There are 2 protein chains.
Amino acid sequence: MTNNDVLKLENQLCFSIYAASRAITKIYRPFLDTLGITYPQYLVMLVLWEHNTLSLKELGNILYLDSGTLTPLLKRLEGMQLIKRERSREDERVLCVSITEKGLEMKQQAIRIPECILDTMNVDIPLLVTLKKEMDELLISLKKESQVEQEEK
Amino acid sequence: MTNNDVLKLENQLCFSIYAASRAITKIYRPFLDTLGITYPQYLVMLVLWEHNTLSLKELGNILYLDSGTLTPLLKRLEGMQLIKRERSREDERVLCVSITEKGLEMKQQAIRIPECILDTMNVDIPLLVTLKKEMDELLISLKKESQVEQEEK
DNA sequence: CAAAATTATATTGTGCACAATTAAAATTAT
DNA sequence: ATAATTTTAATTGTGCACAATATAATTTTG
């Protein structure tokens, strides 16, 4: 790549990933609309369907989101009665986030979403499998990087 | 993948891409901070460094962003005197967005950013090259998909 | 050519993301 | 035990994203 090309948009991996992320969210939207939730809210539900109860901090560690993002998002999910928010008995600082009965029922409606998404995307499955593996490899490297930054503080 | 696993977070390509996109933006932030712009603003600058003048619509087509996102963003860049916003003579509806002298000067400061990012990410270059190619392949498929949706309206 | 349809941008409203700050509870150190 | 530190969430403020709507200019139709 010549010196003149390094700033061309078409040469930026970051933009491909940024654009793909938004395009994929757009594919989820109509399906999530029928559930009445947004894409980030869906991610929280995925985690809680798997774990039932987690502290806000644990949830944040899994999704790489902080309280500034999660607090209002969780309050909305609580407003829909899909989750519960309550302080821990042992440690009043920690907020326990847990799935409700209604939240668990939604899992049955959501179970078809992944295959619906695949059908709608209309993309080579092998490409998706490869991409998943490579993206996770990238994420691991980036995670290490952010740990280095943390330690420098 | 068993029926029970389809909703696990670790099996969602969408999440890997979503998380990677945010992680990468985080790497850009300190470098862009020294320029005084955000990541989406940087993308606009990349496009304008390449094209000098574009209508808002053309800019939106390139970045997959609409006027709701771009109008306020461009007003901020204009406030920093990095770009100009003016109506076209031939067609008063179209907004011509163009780079200013000051905006062009910023390109010299930005020229090192891509290699700084690479250094900071500390990731296998071959992995990045492969990922770029595959992400673009995915994007093309998703673009076709969204065209289908458009035609259905 | 006037009415209807289309096109381009702006505006409004909602919901993330995230940095920075605040506040309260728990832990550690003196 | 109390003061200092650390930990956990909540709050505040800024800037995207994007759907929905509004507005004004242009083009197409009857």
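Naming: A, B, ... by sequence-line order, numbering from 1 per chain. Any value given below was found using the heavy atoms of this structure, including those in side chains, with hydrogens, waters and symmetry copies removed. As the structure is a prediction and not an experimental result, all values here were calculated from the model.
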query = Want to settle it: does A/C96 or B/D66 sit nearer the 5' end of DNA chain D, counting the closest nucleotide to each?
reply = A/C96
note = Of B/P40 and A/R85, the one whose nearest nucleotide on DNA chain D sits closer to the 5' end is A/R85
At under 4.0 Å between heavy atoms, what does [X] touch on the DNA or RNA strands: base, sugar-phosphate, or nothing?
X	result
A/E58	nothing
A/L73	sugar-phosphate
A/S55	sugar-phosphate
A/T69	base

ask   = Would B/D33 and B/R29 pass as an ion pair if we require N to O under 4.0 Å?
value = no
key: Salt bridge B/R85-B/E78, side-chain N to carboxylate O under 4.0 Å   = yes
Please check the phosphate of [N] (OP1 and OP2 only) for any side-chain N or O of [X] closer than 4.0 Å.
X	N	value
B/K75	D/dC16	no
B/R22	D/dC16	no
A/Q41	C/dC16	yes

message = When you measure from the side chain of B/K57 to the backbone of B/S67, do you find a donor-acceptor pair of N or O atoms at a distance under 3.5 Å?
response = no
Output the rounded distance in Å from [atom1] ([X]) to [atom2] ([N]).
X	N	atom1	atom2	result
B/K26	D/dC16	NZ	P	17 Å
B/L77	D/dC16	CG	P	8 Å
B/L63	C/dT9	CG	P	14 Å
A/L54	D/dT8	CG	P	14 Å
B/D91	C/dT6	CG	P	17 Å
A/L70	D/dT11	CG	C1'	14 Å
B/N61	C/dA8	CG	C1'	11 Å
A/R76	C/dC16	CZ	C1'	7 Å

note = Per nearest nucleotide of DNA chain C, the residue lying toward the 5' end, B/R29 or A/Y39, is A/Y39
Heavy atoms from C-beta onward define the side chain here; which of [options] lies closest to that of [X]?
X	options	result
A/T38	C/dA10, C/dG15, C/dT11	C/dG15
B/K57	C/dA8, D/dT26, D/dA9	C/dA8
A/L65	C/dA17, D/dA9, C/dC16	C/dA17

N/O donor-acceptor pair, side chain [X] with base [N], under 3.5 angstrom:
X	N	answer
A/S67	D/dA10	yes
A/T71	D/dA9	no
B/R93	C/dT9	no

inquiry  = Applying the side-chain contact (heavy atoms from CB on, under 4.5 Å) criterion to B/I37, which one of B/L43, B/L77, B/L73, B/V44 satisfies it?
reply    = B/L77
message = Is the ring pair B/Y64/A/F15 parallel, tilted or perpendicular, if the boundaries are 30 and 60 degrees?
response = parallel
query = Which base, if any, makes a Watson-Crick or G-U wobble pair with C/dA29, both distances under 3.5 Å?
reply = D/dT2
Flag if over 12 foreign heavy atoms under 6.0 Å of CZ, A/R112 = no
